[in-house]
Number of protein chains: 2
Amino acid sequence: MSDERPEPGTVRPGGRTAKTREAVLRAAGDALAEDGFDRLDLAEIARRAGVGKTTVYRRWGTVPGLVADLLNEMAADSLPRTETGSLLGDLTAQARLVQSTLSDPRQGPLFKALITAASCDPQTADALHRFYDTRTEEWAPCVTAAIERGEIPAGTSPTELIRAVSAPLYYRLLITGDPIDGAAADRAAQAAVTAAKAGAFA
Amino acid sequence: MSDERPEPGTVRPGGRTAKTREAVLRAAGDALAEDGFDRLDLAEIARRAGVGKTTVYRRWGTVPGLVADLLNEMAADSLPRTETGSLLGDLTAQARLVQSTLSDPRQGPLFKALITAASCDPQTADALHRFYDTRTEEWAPCVTAAIERGEIPAGTSPTELIRAVSAPLYYRLLITGDPIDGAAADRAAQAAVTAAKAGAFA
């Protein structure tokens, strides 16, 4: 496998460089999910990915550089919003998506490790903020559609409302360790929609 | 300074052992707030506290053991609830207390480091959960009083409601990095109380 870093635009998507990136990011995600952020090691990730150490060091340089690239890929690959025709339906779907992600045996520990990494390094924090900005932007049209349907007051902040749905589920993941179940997801959506209808996010 | 670990009950509160503990926990909190969890080192904490390394290793053993003891002390010293006569008043006071803690230049980074430490170590996670259980129990009577006054439905879960107030503020600290200001605190309390009145936490 070549250690040359190609010029942008010189390698077709799905080519050898893309496959290397995919293997390394997959290995980084596995290592984060299994061992946590504090034991992440570029040489070990290269070994897991079946890629030369030099390739990993040359392309990503540092652990924060690699974690930031993983977050960029996760943002690019993240799932589209659900549109059900009602705000409660839409935000329940959002809450259920967050719930199934955070309670997944690989994804839950991975997100915990990514958030931990972000609190130890500014470059990772920037990448984490961009990831969540992307997710918020994806779901924001559900809020603007609800405003247009007259379900919630004009001037409701899509960002505040979308984040109010996610916050109780992340609180379980990071603070209390309580199970992140469907009931918790439905309650998070119901509470946020009720508050939004009363103008709490306007 | 003695390296003997005294039998329980043989040293009066405020004695030499208590002073050593206070100095070491203060130094551990300072180190966590300044440098983060990933650079915590028992020898450096002993130096900051002006205490022999052997004392620190013998009494606390490991970084997770020391961080757990710091969380125990924080739980024992944590502030009493505010009672204003209305649920919105009480939970706005709770939100403002969380907000002033998380936006404080020492306390904010300290809490971030403690939560990070908990996601890397099960002993620290247990101590973190006990700390937040203590805080939730302290504020729960505000919810039961509101049920007795008829402000919110009987069967409202104090735990769910108290945590719903805190969650959006911790989401800012750990996920988005947005400022944790008074407006965010007031909105968190208002949204949680509105949802509670509609039965979202029953």
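All heavy atoms count here, side chains included; hydrogens, waters and symmetry mates do not. The sequence lines fix the lettering, A, B, ..., with proteins before strands; numbering per chain opens at 1.
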Trainee: Would you say CZ of B:Arg39 has more than 12 non-hydrogen atoms from neighbouring residues, nucleotides or ligands within 6.0 angstrom?
Mentor: no

Trainee: Might you confirm whether atom CZ of A:Arg26 has over 12 heavy atoms from other residues, nucleotides or ligands at distances under 6.0 Å?
Mentor: no

Trainee: When you compare the side chain of B:Val24 with that of B:Val56, does any pair of heavy atoms fall below 4.5 Å?
Mentor: yes

Trainee: For A:Phe131, is it the side chain, the backbone, both or neither that has a heavy atom under 4.5 Å from a heavy atom of chain B?
Mentor: neither

Trainee: Looking only at heavy atoms, which two atoms of B:Ala127 and B:Asn72 are closest? And how far apart?
Mentor: CB-OD1, 4.5 Å

Trainee: Considering heavy atoms only, which positions within residues 83-119 of chain A lie below 4.5 Å of chain B?
Mentor: A:Lys112, A:Ile115, A:Thr116, A:Ser119

Trainee: With chain A as the partner, which of B:Cys120, B:Gly199, B:Gly36 has the greatest number of non-hydrogen pairs under 4.5 Å?
Mentor: B:Cys120

Trainee: How close do B:Leu40 and B:Ala28 get, heavy atom to heavy atom, and via which atoms?
Mentor: CD1-O, 4.3 Å

Trainee: If you take all heavy atoms of B:Trp60 and B:Asp69, which pair is closest and at what distance?
Mentor: NE1-OD2, 2.8 Å

Trainee: Could you tell me whether A:Glu22 atom CD has more than 12 heavy atoms of other residues or ligands within 6.0 Å of it?
Mentor: no

Trainee: Identify whether the distance between the nearest side-chain nitrogen and carboxylate oxygen of A:Asp126 and A:Arg130 falls below 4.0 Å.
Mentor: no

Trainee: Of all the residues in residues 157-194 of chain A, which have a heavy atom that comes within less than 4.5 Å of a heavy atom in chain B?
Mentor: A:Glu160, A:Arg163, A:Ser166, A:Ala167, A:Pro168, A:Tyr170, A:Tyr171, A:Arg172, A:Leu174, A:Ile175, A:Thr176, A:Gly177, A:Asp178, A:Arg187, A:Gln190, A:Ala191, A:Thr194

Trainee: Less than 4.0 angstrom from a charged side-chain N to a carboxylate O is my criterion; do B:Glu44 and B:Arg48 meet it?
Mentor: yes

Trainee: In this structure, are over 12 heavy atoms from other groups packed under 6.0 Å from B:Arg21 atom CZ?
Mentor: yes

